[in-house]
A.B. asks: 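I have a structure here, written as structure tokens, and I will follow up with some questions on it.
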Amino acid sequence: MTEEERNAHDAEQRKREIHEQEALLYRWKQELSNVSVTLPLPPYTRGKDVIVKLQKKFLSVALKGKDSMMEGELCKEIKVEDSTWTIEDQSVLHIYLEKLNKMQWWENVLTQDPKIDTTKIQPENSQLSDLDGETRGMVEKMMYDQQQRQIGRPTSDEAKKEILAKFQEAHPEMDFSQARTG
């Protein structure tokens, strides 16, 4: 397939994707850490009129006494305790789903809904300060190791092993059988 054919194919796929997403009752967007869903409600809807069920791998939205507006298995697992919903202007339901795996794009919200091509997602630029401590530490280590490789120096793990090996040479009387470098 030539580059021109591939571009035409990608454009056609994107059009199909947009059409399928527009046919859904709700709209959604995502970042690596969360998914936001907006669902239109009848005017003057109050919180007590809405029944939202959030479970690790399940979502259901219904109005009291009516059929579900949105219901099914979630594409991926969520952190239920960090997910929430709210109603804006008594006419729009906003659902915030905190992803369990913050390093994975979702193809859809509910498994029965049309999928998007996650390889085409272009994430917004983010700052290291936006990340939680553990993720930030992991990213900083990866960046440091990449810089070290580019200038021909040992990575952080390789440097730890070298230091341990030198220490072992200097102290042959010590037992290093339980030593770890990671």
A.B. asks: Return the CD to CG distance between Glu169 and Leu164, rounded to the nearest 0.5 Å.
C.D. replies: 10.5 Å
A.B. asks: Counting N and O atoms only, with roles assigned by atom type, does the side chain of Gln13 sit under 3.5 Å from a partner on the main chain of Ile116, one being a donor and the other an acceptor?
C.D. replies: no
A.B. asks: Is Val35 close to Trp28 at the side-chain level, that is, under 4.5 Å between some pair of heavy atoms?
C.D. replies: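 Yes, their side chains come closer than 4.5 Å.
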A.B. asks: Could you tell me which residues satisfy salt bridge (Lys or Arg N to Asp or Glu O under 4.0 Å) with Asp49, sequence neighbours excluded, listed by chain and number?
C.D. replies: Arg46
A.B. asks: So if you build clusters from Ile, Leu, Val, Met, Phe, Trp, Tyr with side-chain heavy-atom gaps below 4.5 Å, do Tyr26 and Leu93 land together?
C.D. replies: yes
A.B. asks: In terms of hydrophobic clusters joined by side-chain contacts under 4.5 Å, are Tyr44 and Val50 together?
C.D. replies: no
A.B. asks: If I take atom CG from residue Leu32 and atom CG from residue Asn101, how far apart are they, to the nearest 0.5 angstrom?
C.D. replies: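 It comes to 9.0 Å.
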A.B. asks: State the CD-CD distance between Glu71 and Gln112, to the nearest 0.5 angstrom.
C.D. replies: 8.5 Å
A.B. asks: Write down the atom of Ser83, the atom of Leu97, and the distance for their closest heavy-atom approach.
C.D. replies: OG-CA, 3.5 Å
A.B. asks: One pair to check against side-chain contact (heavy atoms from CB on, under 4.5 Å): Ile95 and Leu54. What are the steps and the verdict?
C.D. replies: CA-CA 10 Å; Ile95 305 169; Leu54 291 173; 4.2 Å; yes
A.B. asks: Would Lys76 and Leu100 count as a side-chain contact (heavy atoms from CB on, under 4.5 Å) if you check the C-alpha gap in whole Å, the side-chain angles of each, and the deciding distance to 0.1 Å?
C.D. replies: CA-CA 8 Å; Lys76 307 282 185 219; Leu100 186 63; over 6 Å; no
A.B. asks: Indicate every side-chain donor-acceptor pair of residues 55-62 with a distance under 3.5 Å to a residue at least two apart or in another chain.
C.D. replies:
residue : atom : partner : partner atom : Å
Lys57   : NZ   : Glu73   : OE2          : 3.4
Lys57   : NZ   : Leu74   : O            : 2.8
Lys57   : NZ   : Cys75   : O            : 3.1

A.B. asks: Could you note down all residue pairs passing salt bridge (charged side-chain N to carboxylate O under 4.0 Å, His left out) where residues 17-27 supplies at least one of them, sequence neighbours left out?
C.D. replies: Arg14-Glu17, Arg16-Glu20
A.B. asks: Atom OG of Ser33 and atom CG of Asp82: how far apart are they, to the nearest 0.5 Å?
C.D. replies: 10.5 Å
A.B. asks: Indicate the atoms forming the closest heavy-atom contact of Trp85 with Gly47, along with that distance.
C.D. replies: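 Trp85 and Gly47 have their closest heavy atoms at CH2-O, 3.8 Å.
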A.B. asks: What are the two closest non-hydrogen atoms of Val109 and Met70, and how far apart are they?
C.D. replies: CG1-CE, 4.0 Å
A.B. asks: Rounded to the nearest 0.5 Å, what separation is found between the CD atom of Gln30 and the CD atom of Glu107?
C.D. replies: 10.0 Å
A.B. asks: Please identify each residue that fulfils ring pair (Phe, Tyr, Trp, His ring centres under 6.0 Å) with His19, with sequence neighbours left out.
C.D. replies: none
A.B. asks: Quick one: NZ on Lys15 to CG on Asp10, what's the gap to the nearest 0.5 Å?
C.D. replies: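 So the NZ of Lys15 and the CG of Asp10 are separated by 13.0 Å.
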A.B. asks: For Glu98, what residues pass the salt bridge (Lys or Arg N to Asp or Glu O under 4.0 Å) criterion, not counting sequence neighbours?
C.D. replies: Lys102
A.B. asks: So Lys115 and Trp106, do their side chains get closer than 4.5 Å, heavy atoms only?
C.D. replies: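 SC-SC contact between Trp106 and Lys115 ruled out.
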A.B. asks: What I want to check is whether the side chains of Thr119 and Asp117 have a donor and an acceptor closer together than 3.5 Å.
C.D. replies: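 Checked: Thr119/Asp117 side chains pair up, N/O donor to acceptor below 3.5 Å.
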A.B. asks: Do Val92 and Leu39 come close enough that some side-chain heavy atom pair is under 4.5 Å?
C.D. replies: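 They are not in contact (no side-chain heavy atoms under 4.5 Å apart), so the answer is no.
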A.B. asks: Keeping the roles fixed (side chain from Asp113, backbone from Asn108), state whether a donor-acceptor pair exists under 3.5 Å.
C.D. replies: no
A.B. asks: Do any N or O atoms from the side chain of Lys99 and from the backbone of Gln104 form a donor-acceptor pair under 3.5 angstrom?
C.D. replies: yes
A.B. asks: Grab the two heavy atoms, one from Met69 and one from Leu63, that are nearest each other, plus how far apart they are.
C.D. replies: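 Smallest interatomic distance, heavy atoms only, reads SD-CG, 3.9 Å.
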A.B. asks: Tell me if a side-chain donor or acceptor on Glu5 pairs with a main-chain N or O of Thr2 at a distance below 3.5 Å.
C.D. replies: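 A pair under 3.5 Å: yes.
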A.B. asks: Are any non-hydrogen side-chain atoms of His94 and Val37 less than 4.5 angstrom apart?
C.D. replies: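 His94 does not reach Val37 side chain to side chain.
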A.B. asks: Apply side chain to side chain contact (heavy atoms under 4.5 Å, CB included) to Glu3 and list each qualifying residue two or more places apart in sequence or on a separate chain.
C.D. replies: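 Per chain and number, Glu3 pairs via side chain to side chain contact (heavy atoms under 4.5 Å, CB included) with Arg6, Asn7.
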A.B. asks: Same cluster or not: are Met174 and Ile163 linked, directly or through other Ile, Leu, Val, Met, Phe, Trp or Tyr residues, by side-chain heavy atoms under 4.5 angstrom apart?
C.D. replies: no
A.B. asks: Could you tell me whether the side chain of Glu158 and the main chain of Thr155 form a donor-acceptor pair under 3.5 Å?
C.D. replies: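 Side chain of Glu158 to backbone of Thr155: a pair is present.
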